[in-house]
**Q** 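This is the structure I have questions about; it appears just below.
This one's a predicted model, so the numbers in the text were calculated from it and none came from an experiment. Order of the sequence lines sets the chain letters (A, B, ...), proteins ahead of strands, with each chain counted from 1. The basis for the numbers below is simple: all heavy atoms, side chains too, and nothing from hydrogens, waters or symmetry mates.
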There are 2 protein chains.
Amino acid sequence: MTFTAPTKDQLFALETATNIAELANHDRFAEADADLVQAIVEGVGQFAEGEFAPLNRVGDEVGAKLVDGRVVMPEGFKQAYKGYVEAGWNSLCATPDHGGQGLPFALATVSLDSLGAANMAFTLCPMLSVGAIEALEHHGSEEQKERYLPKLISGEWPGTMNLTEPQAGSDVGALRTTATPLGDGKYQIKGQKIYITFGDHDMADNIIHLVLARTPDAPPGTKGISLFLVPKYQLNDDGTPGKEQDIETVSIEHKLGIHASPTCVLQYGERGECIGELIGGEFGGIRAMFTMMNNARLNVGLQGVEIAERATQQALYYAQERVQSARAGGDSRDPVAIVEHPDVRRMLLRMKAGTEAARALLYFAAGQVDRATLGMDGAQEKVDILTPLAKGYGTDLGIEIASLGVQIHGGMGFVEETGAAQHYRDARIMPIYEGTNGIQAADLVGRKLAMRGGEAMKEFLDELRDIAGNEAHVAELVAACQEVTNWMLGASVDERLAGSYAFMTMMAVATSGALMAKQHRVAQERLDAGEGDSAFLKAKLVTTRYYCDHMVPEALGLKASAMGGADLLYALSAEELAA
Amino acid sequence: MTFTAPTKDQLFALETATNIAELANHDRFAEADADLVQAIVEGVGQFAEGEFAPLNRVGDEVGAKLVDGRVVMPEGFKQAYKGYVEAGWNSLCATPDHGGQGLPFALATVSLDSLGAANMAFTLCPMLSVGAIEALEHHGSEEQKERYLPKLISGEWPGTMNLTEPQAGSDVGALRTTATPLGDGKYQIKGQKIYITFGDHDMADNIIHLVLARTPDAPPGTKGISLFLVPKYQLNDDGTPGKEQDIETVSIEHKLGIHASPTCVLQYGERGECIGELIGGEFGGIRAMFTMMNNARLNVGLQGVEIAERATQQALYYAQERVQSARAGGDSRDPVAIVEHPDVRRMLLRMKAGTEAARALLYFAAGQVDRATLGMDGAQEKVDILTPLAKGYGTDLGIEIASLGVQIHGGMGFVEETGAAQHYRDARIMPIYEGTNGIQAADLVGRKLAMRGGEAMKEFLDELRDIAGNEAHVAELVAACQEVTNWMLGASVDERLAGSYAFMTMMAVATSGALMAKQHRVAQERLDAGEGDSAFLKAKLVTTRYYCDHMVPEALGLKASAMGGADLLYALSAEELAA
């Protein structure tokens, strides 16, 4: 079936959750007026529908292949990527100093939302490039920026992030890749990196690898890590790609999903001919890594929205087409489209409401990123709190919705040709990469809860109360979050971590619920005033009501776990647990 | 990694949830004394470990293939199936009149529990045969029983269930396959059946298809359906397989999981040479179908336990092997096995507790099947109530636990070679087949809730209270179930169906929670008395506590949805919902 970009809900979320009009009041984002916003949202939506969506199945079925040491993308990908670069979608929010359009991050969010819903695997290529761009913008020298940023920003040269090694996954400080100074300011890079998304491919004439490595005599752990830029092809003096570097694509992973996204094992400098340049200061690697990863975490949370959107559209389509059984509560014995059966309705409404709620959460977070860029009070703290919520809950909900999508298709859902199963498979990576959801939860109850001794969290909850207005279920959940917060502030590290996942979900649902309550109010006001798209607003009244009345109360059931303490977790030794 | 059959927990569940000793007090099950029970549990466990488990990966990677119109199983399957038949595992609970061992259904449950955990796809072959055996036992003529039952019961000739057609899935009454009388008491069968599990394979010298079809002038809908026995090879007079029938395996599905289970499209009688015999009376098909399906639903719920067990074992193994990061709440900065991190512990404990809870639920249900066979008061009603709970919740929990298994493996979990992803893929069919979980929920709030005007459900809840003893969280959940039950008894069909899924989960968690509370008491008593396996009992204290304190309260969060009514579901038309 075809994919339709959800532009109406995107525009509504930009308005209600991002408050993009407020951003446009600032000089920096003055260009982002309502007309431009609409043009971008609709433009990227059309592009995603026409160019990326048709490649989603072939991407899954054929996938990226390693042929003679090079990654070959499925037919159509190179051309579509070229179209993407030419349309300028890659440069929306990058700095105008090097060819970017300087628009709000929230608009890049919309762009990824549509592109990723159309083709999650494909969109990982530009999505991962963002990290390289931000690392260079924040930590590169002027010369480095001049040489690399314009091509990275346009998308002509995609970037990659090289963190993981076999022994260094979540514990990045355990990495061993070496960077040996060559005396001319350059370094010889040597080591193996794994799980490198789009580590090689045939869609561009260069690839800019950002690689974490250790200089000689570097201190152990994360303190001794530095960041290096290692292009696939060294640049000639005129800036064009020249000699190919000694970077071998050893293998690509045979994965559960996102088959069109080559996950590479890269061997750097096995023949001693791989040269990199330092980005930022020596031992500044971990700081630069956080720059790379921070918005990447939001973008992975956004992938949850993307998969949810695609799965929901497909399920809604099927449920209207598939006729099966009479409606139990109806008068007629004639079979009906399954959308008419109450439990199918429930699943569809849950999918739609969940998708919209997660979108509101992500667009709200994106708006705070832009406010932080503007230096607005408290915005960075809100980004810090929202990042684990958006990444953890966005991806968990994405999987749940993809799974409901399979369910609605019945036996057909388990057959690969239907396509519903692809979303379920693709989605499963989301809670793992860019910091597992467990790490997000740990981040929330660790660094984020500790900000200003818990005051930042309390102020955030106060803001949720304001946003939620008089929505009773959300208010009850916010109060429960407050109770857990207070308890956690007096709890041990183990106790906080033991309840971290439940707390993360509660906080995320409370935030999404508050935003849905606000969307409900706005929709009602507009309908009362006879303004806007009444069909859209009427549907919004229902999805927001469903989220607040059905999904928000579920999160209250997590409070016992959030405050359950750690004793039970450690009542058995590891051996006893596994016995 | 290797698989170890969970014999200790199986024996404990047989004791505490099934109360198998009570069954052995009845003449019919007198043979099932403690020694025989232990011998069977350990024997089938060893067989599953040694013969079925090693074929699980090749089954996934190679899968069943359609070659020249015949299904070819992966290497090793035929031999392992032969070993299974020879060991007598197929005949445990079948009638001694035709070669069965006449043991309790609960022991067949244990057998499938171990075999399916070892190899879910493979075990579907014997699992589906059970339906054919029961249909013949209950509805076949003496002559039919003589001819077919001994081979079906031994497993030499597996059986299949042929219900679904392209237009007739959940709505089986829409089927169109025809059965035309030939005058000699036999029928000519003609039509296409889809989703036929093990519809063809090379592991046996005959396959006994049970096929739903319509005789000429049959009334429309389910009332006009009859059941036919259609062997792959007609029997010679001496009972040996003779002429091959006109049954074509048109294709096998390319599925998300259970690749070793061929899901066939079968074309019956395209050349007019496919002969079947009526089982039971004309138009008795739907009754016979329910005979076939009822325990099949419990067995699918059991598959949730099986996948959960296998995924948990694999995750526990990996979490002890994989070293990553220091423990945040510890004193040392040395990296530890990830099992030491609180959130990994939480996931593992949830997996283990959930597996044991679902096992207790299924073994409890199996015990009620045996009590119904003995004609004990109220047992059949309990089976009726427990069937949707076991099928719905068992499979949902199985998927959740398989997903947690992927998560614990981190990036490795997304790589197919690890094997964790297989469980996640295999599991996804469980909530779909043998009646979707939505249909289970509808059955619960429809036929099951209505038994004796709701009195059966109320008595069931009273029994849960007794079993739970003074466990506070479970008692609270049982009270909530009571409240929902009372509300539903006064609600419309639509209202009941709208809340059916949430109610099904609440009821299942309440039942599992009551059984876990009982297991906790028994374990504590035994430890206090210095009896039993103290390591097992000590672990049991922790998993039961975790289930009651962490997982039971979550189900309370579903009450709002269970009693939410149907208005919101139908506030939008199908078109408005999809707009």
Side-chain angles (χ1 to χ4, degrees), chain A residues 169-171 195 253-256 316 320 324-325 328-329 335 339 342-343 345-346 348-349 406-407 410-411 414-417 421 428-429 431-432 436 438 441 492-494 497-498 500-501 535 539 542 545-546 549-550 553-554 556-558 560-561 564 566 568-569 571-572 574 576-579, chain B residues 169-171 195 253-256 316 320 324-325 328-329 335 339 342-343 345-346 348-349 406-407 410-411 414-417 421 428-429 431-432 436 438 441 492-494 497-498 500-501 535 539 542 545-546 549-550 553-554 556-558 560-561 564 566 568-569 571-572 574 576-579:
Chain A
S170 298
D171 184 9
Y195 299 150
E253 305 293 349
H254 170 219
K255 305 192 302 296
L256 174 61
L316 278 164
Q320 289 183 97
Q324 195 75 174
S325 300
V339 64
D343 192 62
R345 277 283 168 118
R346 174 192 66 85
L348 290 168
L349 201 45
V406 172
Q407 188 68 20
F414 200 63
V415 173
E416 284 288 359
E417 285 76 5
R428 193 58 193 78
I429 188 59
I432 295 173
T436 66
S492 72
V493 172
D494 275 347
L497 288 171
S500 61
Y501 210 102
V542 174
R545 195 71 269 143
Y546 188 85
D549 289 357
H550 291 253
E554 286 174 23
L556 276 171
L558 297 170
S561 236
L568 203 55
L569 296 186
L572 299 173
E576 288 169 333
L577 186 66
Chain B
S170 298
D171 184 9
Y195 299 151
E253 304 295 348
H254 170 219
K255 305 191 302 296
L256 174 60
L316 277 164
Q320 289 182 96
Q324 195 75 177
S325 300
V339 64
D343 192 62
R345 278 283 168 117
R346 173 192 67 84
L348 290 167
L349 200 46
V406 172
Q407 188 69 19
F414 200 64
V415 173
E416 284 287 1
E417 284 77 5
R428 192 61 193 78
I429 188 59
I432 296 172
T436 66
S492 72
V493 172
D494 275 347
L497 289 171
S500 61
Y501 209 102
V542 174
R545 195 72 269 140
Y546 187 85
D549 289 356
H550 291 253
E554 286 174 23
L556 277 171
L558 297 170
S561 236
L568 203 55
L569 296 186
L572 299 173
E576 287 169 334
L577 186 65

**Q** If you count heavy-atom pairs within less than 4.5 Å of chain B, which of A:A498, A:A560, A:A441, A:A574 leads?
**A** A:A574
**Q** Name the member of B:G438, B:P342, B:G564 that forms the most heavy-atom pairs with chain A at distances under 4.5 Å.
**A** B:P342
**Q** Using a cut-off of under 4.5 Å on heavy-atom pairs, state which of B:P431, B:A328, B:A571, B:A579 scores highest against chain A.
**A** B:P431
**Q** Between B:L349, B:L568, B:D494, which shows the greatest number of heavy-atom pairs under 4.5 Å with chain A?
**A** B:L568
**Q** Under the rule for side chain to side chain donor-acceptor pair (under 3.5 Å), what residues qualify as partners of A:R346, not counting sequence neighbours?
**A** A:D343
**Q** Report the option among B:R428, B:E554, B:R545 that has the most heavy-atom pairs separated by less than 4.5 Å from atoms of chain A.
**A** B:R428
**Q** Using a cut-off of under 4.5 Å on heavy-atom pairs, state which of A:L572, A:L348, A:V339, A:V406 scores highest against chain B.
**A** A:L572
**Q** Non-hydrogen atoms of chain A under 4.5 Å away: do they reach the side chain of B:F414, the backbone, both or neither?
**A** both
**Q** Check A:Q324 against B:D171 and note the closest heavy-atom contact, atom names and distance.
**A** OE1-N, 2.9 Å
**Q** Mind checking side chain to side chain contact (heavy atoms under 4.5 Å, CB included) for B:A535 and listing every partner two or more places apart, or none if nothing turns up?
**A** B:D533
**Q** Tell me, out of B:V415, B:L558, B:L556, who's got the most heavy-atom pairs with chain A below 4.5 Å.
**A** B:V415
**Q** Could you look at A:Y546 and say if it's the side chain, the backbone, both or neither that has a heavy atom under 4.5 Å from chain B?
**A** both
**Q** Any idea which of A:P335, A:S561, A:A421, A:S500 has the most non-hydrogen atom pairs under 4.5 angstrom with chain B?
**A** A:S561
**Q** What residue in B:V493, B:T436, B:L569, B:L316 has the most heavy-atom pairs under 4.5 Å with chain A?
**A** B:L569
**Q** What part of B:S492 gets closer than 4.5 Å to chain A, counting heavy atoms only: side chain, backbone, both or neither?
**A** neither
**Q** Top residue by heavy-atom pair count (under 4.5 Å) with chain B, among A:Q320, A:K255, A:E253?
**A** A:K255
**Q** Tell me, side chain or backbone of A:A539 under 4.5 Å from chain B's heavy atoms, or both, or neither?
**A** both
